[in-house]
Amino acid sequence: MPIDPSRMLTVTLASDIWDHIIDRLGDYADAAEERPWLGDCHGCDQAAPAMCPQHQEAAKYGKQVRDWRDQIVDQLGAQTLTMADRVRRTGLPLDTDLYDVLPSPYGGVRNLVMRAGMRVLGDLAAYSDADLTGIKNFGPGRLRELHAALREAAKS
C-alpha cells in the first residue's frame, strides 16, 4: 500500500531531543553490531562466535538500525543544519586541518574539497551544501559522505 504524504505524521522536537534519539539509535546499533565479536553467546557452542547465525543476524540488524539512524540524520540535517552548524557540532577548532577531519575512508571527499581551495575546517564552514554540490564531481553521495565524516568527528 503506498504511503499517502498528506497522512504522514509531522513532529517538531527540540534539537537536543533529536540528538538524544540519534545517539541512542547509534548506541543500539553499536551493541548489535559488536555482539558477534564479543563471544558472549550463551547458547552457542561454536569456537568462533562470529560464525554463529544468531550473531550474524544481530550484526545485520545493527547495520540496519545504523542505516535508519543515518537516514534520520540526513533528513533532519537537510532541513535544518547549515554546513557551519555541522562544523560547529564537531567541537573542533576552525583551524583544524581537513586531513584530520576527513581521514582516509573519506579521501575522495577530502581531495575534492581541497581541490576547491579548502584547507581547514573554517574554510568548509563558509560553504553551503549547494555550493559544495556545485563542485565538479561532488554530488549528493559525496555530500552524504562529508556529513557522515563530520558526524564521526563530532563523536570523537
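Both backbone and side-chain heavy atoms feed into the values below; hydrogens, waters and symmetry mates do not. This one's a predicted model, so the numbers in the text were calculated from it and none came from an experiment.
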- Message: With side-chain contact (heavy atoms from CB on, under 4.5 Å) as the criterion, how do Leu146 and Leu112 come out once you've worked through the C-alpha distance, each side chain's angles and the decisive distance to 0.1 Å?
- Response: CA-CA 11 Å; Leu146 178 60; Leu112 289 171; over 6 Å; no

- CA sep, side-chain torsions, deciding dist, call: Glu152, His147, side-chain contact (heavy atoms from CB on, under 4.5 Å): CA-CA 9 Å; Glu152 285 179 24; His147 292 174; over 6 Å; no

- Query: How far apart are the C-alpha atoms of Asp129 and Met83, what are their side-chain angles, what is the distance that settles it, and do they pass the side-chain contact (heavy atoms from CB on, under 4.5 Å) test?
  - Reply: CA-CA 7 Å; Asp129 286 357; Met83 188 55 65; 3.3 Å; yes

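Rounding to the nearest 0.5 angstrom, the gap separating the CG atom in Leu150 from the CG atom in Leu92 is 9.0 Å. For the atom pair CZ of Phe138 and CG of Leu132, the computed distance is 5.0 Å after rounding to the nearest 0.5 Å. Separating the CZ atom in Arg115 from the NZ atom in Lys136 is a distance of 8.5 Å, to the nearest 0.5 Å. Separating the CZ atom in Arg119 from the CG atom in Asp95 is a distance of 15.5 Å, to the nearest 0.5 Å. Separating the CG atom in Asn137 from the CG atom in Asn111 is a distance of 11.5 Å, to the nearest 0.5 Å.
What you find for Thr96 and Pro93 is that their closest heavy atoms are OG1-O, 2.6 Å. Listed here is the closest heavy atom pair of Ala153 and Val101: CB-CG1, 4.3 Å. The two residues Tyr106 and Ala148 make their nearest non-hydrogen contact at OH-CB, 4.0 Å.
Counting only heavy atoms from C-beta outward, the side chains of Leu102 and Val113 approach each other to under 4.5 Å. Between Arg88 and Asp85, the closest side-chain pair of non-hydrogen atoms falls below 4.5 Å. Side-chain contact between Val87 and Leu94: present, with at least one pair of heavy atoms (C-beta onward) separated by less than 4.5 Å.
Connection of Val120 to Leu98 is not established within any shared hydrophobic cluster, with ILVMFWY side chains joined at heavy-atom distances below 4.5 Å, either directly or through further cluster members.
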